[in-house]
Amino acid sequence: FALFFGDTWKITDKWTLDWGLRYEDVRANSLNAFGSKPVYTSNSNNIYDDSYGTFYPQYNVIRSIDTLSYSAALNREINKSNVVYLRYSLGEKSPDLVFYQNIGSAATNASTPTPKQKVAQWEMGYKYLTHRYSIDVTPYDSLLSTPTFDQLASTNLQYPAYTVDA
């Protein structure tokens with residue numbers, strides 16, 4: 001679910017300000033299981049398979065992440081064919097999908113808040129416009145925050161121990 005609102009304000013004949021807000025609610029619902037093991041139905045030495053598979057403990061993951069992002073640009077019209085602009089955007093996004101699929105992540109621990117990734121971006125652009133075509137040149141610089149290992153790793157899960165007897 002997402003809502004977006006934006007507008008353009010004409011400051012003078014040559015200057016405009018365009019801006020926008022975006023609210024997003026991302027929901028992730030899944031059931032994660034850490035492997036499986038055989039369960040034997042008898043202790044006899046049958047020649048047929050007398051077992052079936054079962055999952056280790058399952059972890060229900062229900063997450064809702066609310067984010068708010070905004071962007072604003074100051075535009076300068078040099079003439080009808082040439083426009084330059086400077087834009088700044090600051091936003092948040094939910095973690096990548098693998099965050100929710102990893103059984104050892106904080107997504108399986110309801111007491112750990114789900115980290116939001118911050119995205120900050122500067123753009124400086126040039127637009128050339130004619131009645132038949134347009135050209136945009138937009139160099140930009142993006143800075144994305146990276147969630148720390150502590151935010152992504154869960155400390156409350158018990159993993160099965162595997163041993164080999166000789």
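Quick note: residue numbers are just sequence positions, from 1. Everything quoted here is computed from the prediction, not taken from an experiment.
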Do the ring planes of W122 and Y88 sit parallel (below 30°), tilted (30 to 60°) or perpendicular (above 60°)?
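The rings of W122 and Y88 sit tilted, inter-plane angle from 30° to 60°.
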Heavy-atom pair with the smallest gap, counting every atom of [X] and [Y]:
X: A120; Y: L90; result: CB-CD1, 3.9 Å
X: L129; Y: S134; result: CD2-CB, 3.6 Å
X: S71; Y: R87; result: OG-NH1, 2.8 Å
X: E92; Y: S69; result: N-OG, 3.2 Å
X: K10; Y: T16; result: CA-CG2, 4.0 Å

I would like to know whether E123 and L86 meet side-chain contact (heavy atoms from CB on, under 4.5 Å); could you show each step before the answer?
CA-CA 6 Å; E123 297 176 27; L86 180 65; over 6 Å; no
With salt bridge (Lys or Arg N to Asp or Glu O under 4.0 Å) as the rule and sequence neighbours excluded, what pairs involving residues 75-85 come up?
E77-K80
ILVMFWY clustering at 4.5 Å (side-chain atoms), partners of V84
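Its cluster partners, ordered by chain and number, are I78, Y126, Y128, Y133, I135, V137.
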Check ring pair (Phe, Tyr, Trp, His ring centres under 6.0 Å) between F4 and all other residues, then give those that pass, not counting sequence neighbours.
none
Within 6.0 angstrom of D13 CG, more than 12 heavy atoms from elsewhere
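For D13, atom CG is not crowded (no more than 12 foreign heavy atoms under 6.0 Å).
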With a 4.5 Å heavy-atom cut-off, do I65 and T67 have their side chains touching?
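Yes, close enough: below the 4.5 Å cut-off.
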I'd like to check L74 versus I11 (side-chain heavy atoms, cut-off strictly below 4.5 Å). Are they in contact?
yes
Co-membership, hydrophobic cluster, residues L3 and W19, 4.5 Å side-chain:
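The answer is no; the residues belong to distinct hydrophobic clusters.
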How about W15 and Y85: are their ring centres within less than 6.0 Å of each other?
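No: the rings miss the under 6.0 Å criterion.
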Interatomic spacing from [atom1] in [X] to [atom2] in [Y] - rounded to 0.5 Å:
X: K118; Y: K93; atom1: NZ; atom2: NZ; value: 13.0 Å
X: F5; Y: L21; atom1: CZ; atom2: CG; value: 8.0 Å
X: T12; Y: K14; atom1: OG1; atom2: NZ; value: 8.5 Å

Donor-acceptor pair between Q121 and S142 side chains, under 3.5 angstrom:
yes
